[in-house]
Trainee: 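The structure's right below; bear with me while I get my questions together.
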Amino acid sequence: MSLPAVVPAPTSIEAGSGAPFRLASTTVVKGDTDAATALSAIVEARTRLSLATGDGAVIELRVDAGSGAPESYRIAADEASVVVTGADAAGLFYGVQTLGQLIARDGDGWVLPAVTIEDAPRFAYRGLMLDVARHFHSVDTVRAYIDRGASLKFNALHLHLTDDQGWRIQLDSRPELTEKASGTSVGGGSVVGQGRGGGFYTKADYREIVEYAASRHMIVVPEIDMPGHTHAVGLAYPELTEAPTVSEHMRETIRDYGGEEPRTGTPYDGMAVGFSSLKIHDEATYDFVADVFGELAAMTPGPYLHFGGDESLSTTDDDFAVFVARASAIIADLGKTPVAWHEAGAAPDIADITIGQYWGFLTPQEGAAEKAIAFVDNGAQLILSPADAIYLDMQYPDLPGHGLTWANGPTSVERAYSWEPSDVVPGVDDSGILGIEAPLWTETIRTAADIDTMAFPRAAAAAEAAWSPATGTSELRTWASFRERVGALGPLWTSMGIGFHPSDEIPWATE
Ligand code: ACM
């Protein structure tokens with residue numbers, strides 16, 4: 001008998017020999033009420049059955065504190081009963097997500113197969129990133145992305161809140177940022193709701209996102225990108241930014257994608273990078289950094305504040321090092337852990353607790369690995385986001401017209417899947433890896449439907465890199481196994497309203 005399909009692959013799964021557990025309108029769910037609510041929602045979406053509170057066969061959901069590693073769970077299912085035990089509330093929640101994937105049709109009815117699963121995450125940090133700066137995305141879209149991510153056992157939502165094209169988070173200490181720099185996005189225009197007209201989160205919106213994420217066992221990691229990617233800052237506080245530098249790269253981007261050259265005091269709605277910088281030798285800049293991160297720290301219960309640090313191509317190396325040292329120290333002094341893209345590893349005086357986010361290729365190029373290794377040498381860790389594997393905004397080979405191609409051309413589902421985290425940055429093994437994150441940049445991504453298309457199924461490949469055992473240590477951790485398992489999720493995803501790309505690399509199940 002073939003094993004039931006679970007994504008990300010669990011630590012161990014054994015098919016039972018007996019009959020399956022039958023789901024019916026008399027099936028009772030008992031135990032933890034949050035987990036019962038989560039399970040009832042999945043069962044109802046998939047089967048139209050409402051779980052009961054009467055006296056039928058029982059699905060029991062319980063936390064047995066300390067019964068395993070953090071976020072771990074066990075499932076024991078047979079004909080008579082189903083028991084999901086989490087070592088903590090997050091573990092129980094993940095057990096429920098797995099149970100949702102196990103629901104299968106059986107003639108006119110629905111069953112959960114007889115099975116025993118033991119499961120725990122490989123990495124503590126499992127992230128999705130959404131760029132809400134290039135195109136703004138509503139609170140509803142973010143909530144939907146949280147649900148989707150949590151169903152794959154992601155536990156961090158990184159929001160790229162600011163960039164050259166717009167500032168998306170209201171701050172009382174710096175009100176001009178959203179008053180003057182949030183109204184536009186890539187492509188300009190003014191059709192709000194189509195992602196064209198810009199927008200921002202109020203503090204109440206941000207609180208709602210943080211609380212919703214927490215209810216799905218996710219933290220929010222806010223990013224304010226600095227010292228580059230700051231043209232929008234200059235619309236609000238011109239005294240803080242340098243004049244734009246127009247490079248050959250920028251002229252190339254304009255040739256390829258259109259748009260204008262950036263101009264001081266005018267919103268930028270193109271797709272080029274690397275032309276803006278905060279003023280590095282002006283104390284007003286660090287007052288700004290302290291205000292922004294101080295307020296964000298108070299709004300963000302999670303431990304991480306991300307200060308960007310990528311593609312600061314118009315800041316000199318020496319100035320960049322000065323800025324990174326100061327910004328990382330400001331965040332560390334707030335009691336938070338700074339996170340920065342890997343370029344910041346070049347700064348010798350970066351706060352040594354800073355987590356580096358590697359966004360180079362699977363085979364590192366041009367010094368990227370050395371910069372990433374610097375974080376580990378400092379005693380901190382890396383988040384891996386290899387761009388030619390899990391940048392979810394890269395085109396699929398069979399879907400031209402959606403997404404970009406700069407990261408080694410289009411990214412197939414197989415390429416998104418077929419890599420091993422401990423093989424990416426030479427010398428950095430699991431002890432140096434905090435986790436895995438799949439970013440979704442939105443230069444060309446405007447709607448919730450676009451997000452679904454780009455993220456699914458490739459986000460599932462990233463989830464498996466983040467959660468599942470290392471390649472070579474589990475027979476499930478192969479492309480051949482993954483494509484079958486992820487294909488089996490098609491009907492569940494459809495029932496949950498996830499508009500995945502029906503890639504022809506995957507044998508999609510139809511019911
Ligand atoms: C990045 O893709 N610039 C982090």
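Side-chain atoms are counted along with the backbone in the values below, which use heavy atoms only and exclude waters and symmetry mates. Both ligands and their constituent atoms are indexed starting at 1 by order of listing.
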Trainee: Got a sec: does the CD of Glu260 have more than 12 other heavy atoms crowding it under 6.0 Å?
Mentor: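 Atom CD in Glu260 is not packed in, count stays at 12 or less.
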Trainee: Rounded to the nearest 0.5 Å, what separation is found between the CD1 atom of Ile353 and the CZ atom of Phe375?
Mentor: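 Taking CD1 in Ile353 and CZ in Phe375, the distance rounds to 12.0 Å.
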Trainee: Are any of the N or O atoms of His229 closer than 3.5 Å to those of ligand 1?
Mentor: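 No; every N/O pair is 3.5 Å or more apart.
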Trainee: Check Gln357 against ligand 1 and report side chain, backbone, both or neither, counting heavy atoms closer than 4.0 Å.
Mentor: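 Neither; nothing of Gln357 gets under 4.0 Å from ligand 1.
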Trainee: Salt bridge check, Arg485 against Glu464: does any charged N sit closer than 4.0 Å to a carboxylate O?
Mentor: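 Answer for the salt bridge query: yes.
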Trainee: Starting from atom 2 (O) of ligand 1, which protein heavy atom do you reach first, and at what distance in Å?
Mentor: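 Checked against all protein heavy atoms, atom 2 (O) of ligand 1 sits closest to Tyr391 OH, 2.6 Å.
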Trainee: With a 4.0 Å cut-off, would you call Lys371 and Glu366 a salt bridge?
Mentor: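 So Lys371 does not pair with Glu366 through a salt bridge.
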Trainee: Is it true that the NZ or CZ of Arg148 lies under 6.0 Å from the centre of Phe500's six-membered ring and within 45 degrees of the ring axis?
Mentor: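 No; the conditions do not both hold, so Arg148 does not lie above the ring face of Phe500.
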Trainee: Is there a polar contact, in the sense of an N or O pair closer than 3.5 Å, between Asp310 and ligand 1?
Mentor: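 Yes; the residue has a nitrogen or oxygen that sits under 3.5 Å from a nitrogen or oxygen of the ligand.
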Trainee: Give the atoms of ligand 1, by number and element, whose distance to some non-hydrogen atom of Trp441 is under 4.0 Å.
Mentor: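 Going through ligand 1 atom by atom, the ones under 4.0 Å from Trp441 are 1 (C), 2 (O), 4 (C).
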